[in-house]
Student: 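First the structure, then my questions, so here it is.
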Amino acid sequence: MKPALIVHGGAWDIPDGAVQACKSGCERALTAGWRILEAGGSALDAVEVAVVILEDDPVFDAGYGSHLNLDGRVECDAIVMDGSTLRAGAVATLQHVRNPVRLARKVLENCPHMMLVAEGAERFAHEQGIKLCANEELVTDAEREAWSKCKQDKHASVFHRGHEQGTVGAVAMDRNGQLFAATSTGGTCCKLPGRVGDSPLIGCGCYADYEAGGVSCTGYGEAIMKIVMAKTGVDLLRLSRDGNKIVAVSSAHPTAGSEAKTESAMAAARASVTILASRTRATGGLILLDRDGNPSWAFNTPRMSYGYVQRDGTIVTAV
């Protein structure tokens, strides 16, 4: 099969001044992930490497540069899911792990459970050879300043690069048809300590099933959980493959072959976000690959940073 890769850096009101940084971050993630896939490597390795690069980039709300909780500390969540086995590895409320997606993979591969949180997750990280760090090492000056303003004044989005969004994610398919999806986040600024959003929850912030496709979500977590948006997107992909028409698809002109498949994938993405908006009145977005490797995306925020690799190997990024 032809490898495929798509990433996102969050759906939010990205200011003009951050557009290039977001596009550059997505491009670096795609370049690293595609290098693995092009050489015949696994989709799991590709999503991990891509998300690690996004976690290390302070322009995104994941890993280093995450929003601070009400106590002024970083708490991160992440998940990796295998589309073949339907098994996931997820971690939540991490305070001392620089790259949460790496620990999520360890849970996927080496743990009898599918989700670990807080101190137990970090103990497992130590057992798996993942070095813990001080929480302060994950905090940027920009986020500390934003948190300080929120503490002194009314909590407001004007203090932030991306107040509620900035989650990162990736979906990849390798030459063997293996499909993996991953999502990582630092959550929302001034969230209550211990809060867990959609990102590390199977079916909410991430889902993968090689029979249909894989999805990574971003946006207002409590709303995304209500409609189980990642699983909704995959279910819509399955429906489209069975010949059902997805409401969001355009009927302006007939399509056939690969064009029809691409349009169906885009329709599934758009329909998922439409359900989010209509049922919860919330905002967000998602990226997906269908089982043929067709990349699609949708969002109802002012902007979403994302990128994908075209069939000819050309990298496309957008905000």
Student: Short question: side chain of D312, backbone of T314 - any donor-acceptor pair under 3.5 Å?
Tutor: yes
Student: Do side-chain atoms of D174 reach the backbone of A43 as a donor and acceptor pair under 3.5 angstrom?
Tutor: yes
Student: Do V7 and I315 land in one hydrophobic cluster if side-chain heavy atoms of ILVMFWY residues count as linked below 4.5 Å?
Tutor: yes
Student: Side chains of Q20 and S24 only: does a donor on one sit below 3.5 Å from an acceptor on the other?
Tutor: yes
Student: Under the criterion side chain to side chain donor-acceptor pair (under 3.5 Å), which of R73, E119, E122 is the partner of Q95?
Tutor: R73
Student: For the side chain of D57 and the backbone of F60, is there at least one donor-acceptor N/O pair under 3.5 Å apart?
Tutor: no
Student: Do the side chains of V101 and V97 join up, straight or via other hydrophobic residues, at under 4.5 Å, putting them in one cluster?
Tutor: no
Student: Scan V215, I275, I224, D198 and name whichever one has a side-chain contact (heavy atoms from CB on, under 4.5 Å) with M229.
Tutor: I224
Student: If two hydrophobic side chains count as joined below 4.5 Å and joins carry through other members, does V316 share a cluster with I53?
Tutor: no
Student: Once rounded to the nearest 0.5 Å, what's the spacing between atom CG of D61 and atom OG1 of T188?
Tutor: 8.5 Å
Student: Is R291 salt-bridged to E211, cutoff N-O under 4.0 Å?
Tutor: no
Student: Hey, quick one: are W297 and L179 part of the same hydrophobic cluster, counting side-chain heavy atoms closer than 4.5 Å, chains of contacts allowed?
Tutor: yes
Student: So do D13 and R303 actually touch side chain to side chain, heavy atoms under 4.5 Å?
Tutor: no
Student: Under 3.5 Å, is there a donor on one side chain and an acceptor on the other for D45 and S42?
Tutor: yes
Student: Anything under 30° is parallel, anything over 60° is perpendicular, the rest tilted; go ahead and classify F299 against Y306.
Tutor: tilted
Student: Using modelled atom types only, decide if a donor and an acceptor are shared between the side chain of R98 and the backbone of K131 within a distance under 3.5 Å.
Tutor: no
Student: Applying side chain to side chain contact (heavy atoms under 4.5 Å, CB included), run through M81 and L108 and close with a yes or a no.
Tutor: CA-CA 8 Å; M81 186 167 180; L108 174 73; over 6 Å; no
Student: Roughly how far, to the nearest 0.5 Å, is the CG atom of D82 from the CD atom of E109?
Tutor: 9.5 Å
Student: Would you say I287 and M266 are hydrophobically clustered, going by side-chain heavy atoms of ILVMFWY under 4.5 Å?
Tutor: yes
Student: Show your reasoning for whether side chain to side chain contact (heavy atoms under 4.5 Å, CB included) applies to L103 and L94.
Tutor: CA-CA 10 Å; L103 180 54; L94 303 178; 3.9 Å; yes
Student: Report yes if some heavy atom in the side chain of V91 is under 4.5 Å from a heavy atom in the side chain of V117; otherwise report no.
Tutor: no
Student: Are the side chains of L286 and T218 in touch, meaning some heavy atoms are under 4.5 Å apart?
Tutor: no
Student: Dump the intermediate steps for side chain to side chain contact (heavy atoms under 4.5 Å, CB included) on I79 and I202, then the final yes or no.
Tutor: CA-CA 8 Å; I79 184 173; I202 187 171; 4.3 Å; yes
Student: Scan side-chain atoms only and decide if S216 and T183 contain a donor-acceptor pair under the 3.5 Å cut-off.
Tutor: yes
Student: State whether the side chain of T93 and the backbone N or O of A118 hold a donor-acceptor pair below 3.5 Å, judged by distance alone.
Tutor: yes
Student: Go through it in stages, so that I can follow the logic: the residues are T280 and E222, the test is side chain to side chain contact (heavy atoms under 4.5 Å, CB included), and I'd like the CA-CA distance, side-chain angles, deciding distance and then a yes or no.
Tutor: CA-CA 9 Å; T280 72; E222 279 69 14; over 6 Å; no
Student: Quick one: does H67's side chain have a donor or acceptor within less than 3.5 Å of a partner on K191's backbone?
Tutor: no
Student: Can a donor-acceptor pair be found, under 3.5 Å and without considering hydrogens, that links the side chain of H8 to the backbone of G10?
Tutor: yes
Student: Looking only at the side chains, is there a donor atom on one of S240 and S264 sitting less than 3.5 Å from an acceptor on the other?
Tutor: no
Student: Nearest 0.5 Å please: distance from the NZ atom of K2 over to the CG atom of L37.
Tutor: 10.0 Å
Student: Given 3.5 Å as the limit, does a donor-acceptor pair link the side chain of N300 with the main chain of A282, or not?
Tutor: yes
Student: Report yes or no: do Q178 and S84 form a side-chain donor-acceptor pair below 3.5 Å?
Tutor: yes
Student: Say whether, by atom type as modelled, one donor and one acceptor occur between the side chain of T232 and the main chain of I227 under 3.5 angstrom.
Tutor: yes
Student: Between G284 and A11, what is the shortest heavy-atom contact and its length?
Tutor: C-CB, 4.1 Å
Student: Hey, what do you get for SG (C190) to CH2 (W147), rounding to the nearest 0.5 Å?
Tutor: 7.5 Å
Student: Short question: side chain of N135, backbone of V74 - any donor-acceptor pair under 3.5 Å?
Tutor: yes
Student: Regarding K23 and E27, does a basic nitrogen lie under 4.0 Å from an acidic carboxylate oxygen?
Tutor: no
Student: Do you see a donor-acceptor pair shorter than 3.5 Å between the side chains of E55 and S184?
Tutor: yes
